[in-house]
*Asks:* 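First the structure, which I've put down as structure tokens, then a few questions once you've had a look.
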Amino acid sequence: MGYSFNISTFNNVLRELSADYIIYAPVKIFNKGVFSDTDLVTYGQIKTLEDIEFEEKSHFSSKEIFFPITQTLFYFTEDAFSLPKISPKKIIIFCRPCDANGIQRLDQIFLKNGDLMDNYYNELRKKVHLFVLECKYSFDTCFCVSMGANKVDRYSAFIRRAGDTVLCDVSVDFEDRFSKYGTYVNMTPVFIESNDIKVDIPEKIPKSIFYHKLWDEYSERCIACGRCNVVCPTCSCFTMQDIFYEDNPYCGERRRVWASCMIDGFTDMAGGNSFRKNKGERMRFRLLHKIHDFKQKFGSNHHMCVGCGRCSDVCPENISFTACIQKLNQAVQSSDQRGLKS
Amino acid sequence: MNNPYLPVKAKIINVKPQTEIDYTFRLETAIKVASGQFFEVSIPNVGEAPISVSDFGDDWIEMTIRNVGKLTNVIHKLKPGSHLFIRGPYGNGFPIQQMSDKDLIIAVGGTGLAPVKSILSQYCKKTIHLKSLTLLTGFKSPADILFREEIEEWRKEFCVELTVDKDDTKNWTGNIGLITGLISKVSISDITNTQVITVGPPIMMKFSVIEFLNRKIAKENIWVSFERKMCCGIGKCGHCKIDNTYICLDGPVFNYYVAQNLID
Ligand SMILES: Cc1cc2nc3c(=O)[nH]c(=O)nc-3n(C[C@H](O)[C@H](O)[C@H](O)COP(=O)(O)OP(=O)(O)OC[C@H]3O[C@@H](n4cnc5c(N)ncnc54)[C@H](O)[C@@H]3O)c2cc1C
Ligand code: SF4
Ligand code: SF4
Ligand code: FES
């Protein structure tokens, strides 16, 4: 059902929702950008519509709201474990279609990979309601259309801001909250139908491509900083970490912290064995995970990557993810497989 | 809700040093396991690591743990009566039931003997059936030999060939040389009915497989067990992934026909 608001009536809705929900949206933080003299656009808690950054793409995804960078799994004392308490409040996230789709990719890993469900993820995730922000235009590095992640069909609300007017398509669960302050209108969500960047993803990846020289470039350029993993809405890896408290070394907690497949140590094992020592191999691993392995493993309709372009945006070495996809595609398509090293 | 990350406390009922750095810990637990599976073993405050089950009975499991780092240092100081925390078992294990009418050759290097040990003891106890069993096992030096007493018992029940890479003691009378030497000589009477399991350091497994292929064993009849960094054991942390395969879920045991295509 569609509703129309002005800024103040929409803020009334937000105010009422905030009694039961913690509300997150892209926000702009002055001068805190990844690069110097730039602003940071990231997900933060909001109270009013004016807090929401509608114009720019957020540099980080919303995943840390329900998959925190550091998450306590349990506390231990000498003889007992106890679980962390979580807020009884539910969560609303204002996010763009790519991030909404990214959450489904994470669901696949945390909830459906293997027989055991990740209860920590599930507990936060089931609180989350998505208010999808309409994209008015595609940003420089977006390629969501190629990834089929430009559209979402399930959301709690779909939001379009046009000047001082806010139009919403609202699901039944939130109907009451919106109808109270809004006026009924017809509203059909509009999605981005074309990006400047298009990629062609090879369906079949021959194993020989693993040894192709195209990856060598990345061994030279990539500095293994892992920023591309941090900003990615679909990167889900983590490492376990036990810590103890200084004042009582018998008490502590087990945590998980985000891990990055591009950073040294991701595969290190006791005894000194490690894999993918070259950064080119790591680039291959990350790229194929995003545009091949996931889809193949889960037999899903879509790849893991949602085409948000953030990994290209954030790379200090200007490594373009989409350029790499195109190089891979060319290498796979070229029938003579020129460039194979062995 | 079910919390797969929460470990349970298991009492150590026996500690048996095998070598200076490898100790076998027997834990009291009724958890049912299969040969080749592993647990995530931890000490709160210190850390957690994947460790294979080296043997098991109705109300105990054993793990043979090498002292190599932060967690294993602390585990090695534990005495009977103290506790470890475990969650699992994880992974698929060896397809032993499918081998009942087959000749089985097991070729292992160093600590690779641990994950297959329960197959050997069950064979002796006649709780699993095989047409025949041969163990080829290699260690770096005589001082590194694991399960010495058991090996003597096994020799009475099936063929055991043991080799060391080098001998510093000068009084070693057994084989010297790499395990591939044993593989090249092992007697194979019925090629199509022979199954092979090989476990050990990556380089050892690689050359052992090559040698078995030279001996005309089909890829489909060779089984290998992978070791990778594993933080969760349940398909979430991503560390063990190779291509579209999660070693903790789909492995650690793989048929070589599949394993040959896993490229890190
Ligand atoms: C499926 C599976 C089954 C296993 N089964 C067994 C088993 O039955 N028995 C067994 O003993 N082990 C087994 N392992 C291996 C075991 O998990 C590791 O030995 C264990 O994780 C070591 O933990 P730690 O905390 O003691 O060592 P850590 O402190 O994590 O690591 C110590 C070692 O790692 C290396 N290392 C650590 N940090 C660095 C660094 N910063 N730079 C360079 N090198 C570094 C060093 O070589 C050092 O010796 C198994 C592993 C897997 C995946
Ligand atoms: S474009 Fe990059 S950051 Fe965005 S989903 Fe794909 S891999 Fe992740
Ligand atoms: S952000 Fe760029 S330099 Fe850093 S790890 Fe990723 S590809 Fe490499
Ligand atoms: S060990 Fe975590 S995914 Fe396999």
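All of these numbers come straight from a predicted model, not from anything done at the bench. All heavy atoms count here, side chains included; hydrogens, waters and symmetry mates do not. Chain A is the first sequence line, chain B the second, and so forth, proteins listed ahead of strands; every chain is numbered from 1.
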*Asks:* Answer with side chain, backbone, both or neither: which region of B:Pro201 has an atom nearer than 4.5 Å to a non-hydrogen atom of chain A?
*Replies:* neither
*Asks:* Around atom CG of A:Asp115, are there more than 12 heavy atoms of other residues, nucleotides or ligands at under 6.0 Å?
*Replies:* no
*Asks:* B:Asp243 and A:Phe210: side chain to side chain contact (heavy atoms under 4.5 Å, CB included), yes or no, with the steps?
*Replies:* CA-CA 11 Å; B:Asp243 310 339; A:Phe210 280 46; 3.4 Å; yes
*Asks:* Going by heavy atoms in the side chains, are B:Cys237 and A:Thr239 under 4.5 Å from each other?
*Replies:* no
*Asks:* Is there side-chain contact between B:Asp264 and A:Phe285, with at least one heavy-atom pair below 4.5 Å?
*Replies:* no
*Asks:* Using non-hydrogen atoms only, which part of B:Lys241 is less than 4.5 Å away from chain A: side chain, backbone, both, or neither?
*Replies:* both
*Asks:* Under a 4.5 Å heavy-atom cutoff, which of B:Cys240, B:Ala49, B:Ser42 has the most pairs with chain A?
*Replies:* B:Ser42
*Asks:* Tell me if a side-chain donor or acceptor on B:Lys236 pairs with a main-chain N or O of A:Asn113 at a distance below 3.5 Å.
*Replies:* yes
*Asks:* Is it the case that more than 12 heavy atoms not belonging to B:Lys140 sit under 6.0 Å from its NZ atom?
*Replies:* no
*Asks:* Between A:Asp242 (side chain only) and B:Gly47 (backbone N and O only), is there a donor and an acceptor less than 3.5 Å apart?
*Replies:* yes
*Asks:* Are there over 12 heavy-atom neighbours, none belonging to A:Lys204, within less than 6.0 Å of that residue's NZ?
*Replies:* no
*Asks:* Among B:Leu249, B:Ile234, B:Asn3, which residue satisfies the side-chain contact (heavy atoms from CB on, under 4.5 Å) criterion with A:Leu116?
*Replies:* B:Ile234
*Asks:* Using the benzene-type ring in the case of Trp, are the ring centres of B:Phe85 and A:Phe81 under 6.0 Å apart?
*Replies:* yes
*Asks:* For a 4.5 angstrom cut-off between non-hydrogen side-chain atoms, does B:Pro202 reach A:Asn273?
*Replies:* yes
*Asks:* Hey, does the side chain of A:Lys207 reach the backbone of B:Asn261 with a donor-acceptor pair shorter than 3.5 angstrom?
*Replies:* yes
*Asks:* Got a donor-acceptor contact below 3.5 angstrom from the B:His239 side chain to the A:Phe238 backbone?
*Replies:* yes
*Asks:* Once rounded to the nearest 0.5 Å, what's the spacing between atom CZ of A:Arg254 and atom OH of B:Tyr5?
*Replies:* 12.0 Å
*Asks:* Is chain A contacted by the side chain of B:Val68, its backbone, both, or neither, given a heavy-atom distance below 4.5 Å?
*Replies:* side chain
*Asks:* For chain A, find which of B:Pro7, B:Gly69, B:Cys232 contributes the most heavy-atom pairs closer than 4.5 angstrom.
*Replies:* B:Pro7
*Asks:* Run the salt bridge (charged side-chain N to carboxylate O under 4.0 Å, His left out) test on B:Arg228 and A:Asp268 for me, step by step, so that the C-alpha distance in whole Å, both residues' side-chain angles and the decisive distance to 0.1 Å come before the verdict.
*Replies:* CA-CA 8 Å; B:Arg228 286 296 176 278; A:Asp268 279 7; over 6 Å; no
*Asks:* Looking only at heavy atoms and a cut-off of under 4.5 Å, which of A:Thr267, A:Ile205, A:Leu288 has the most pairs with chain B?
*Replies:* A:Thr267
*Asks:* Looking only at heavy atoms, which two atoms of A:Cys237 and B:Gly238 are closest? And how far apart?
*Replies:* SG-CA, 3.5 Å
*Asks:* Quick check: does any side chain N or O of B:Asn45 sit under 3.5 Å from a backbone N or O of A:Phe244, one acting as donor and the other as acceptor?
*Replies:* no
*Asks:* Evaluate the side chain to side chain contact (heavy atoms under 4.5 Å, CB included) criterion for residues A:Lys297 and B:Tyr246: first the C-alpha distance (whole Å), next the side-chain angles of each, then the deciding distance (0.1 Å), finally the verdict.
*Replies:* CA-CA 10 Å; A:Lys297 172 160 178 79; B:Tyr246 290 78; 3.5 Å; yes
*Asks:* Is A:Cys261 in contact with chain B via its backbone, its side chain, both, or neither, using a 4.5 Å heavy-atom distance?
*Replies:* neither
*Asks:* Using non-hydrogen atoms and a 4.5 Å limit, figure out which bit of A:Met269 sits close to chain B: side chain, backbone, both or neither.
*Replies:* side chain
*Asks:* Which distance, rounded to the nearest 0.5 Å, do you find between the NE2 of A:His292 and the CG of B:Asn244?
*Replies:* 7.0 Å
*Asks:* Decide yes or no for A:Phe74 and B:Leu6: does some side-chain heavy atom of the first lie under 4.5 Å from some side-chain heavy atom of the second?
*Replies:* yes
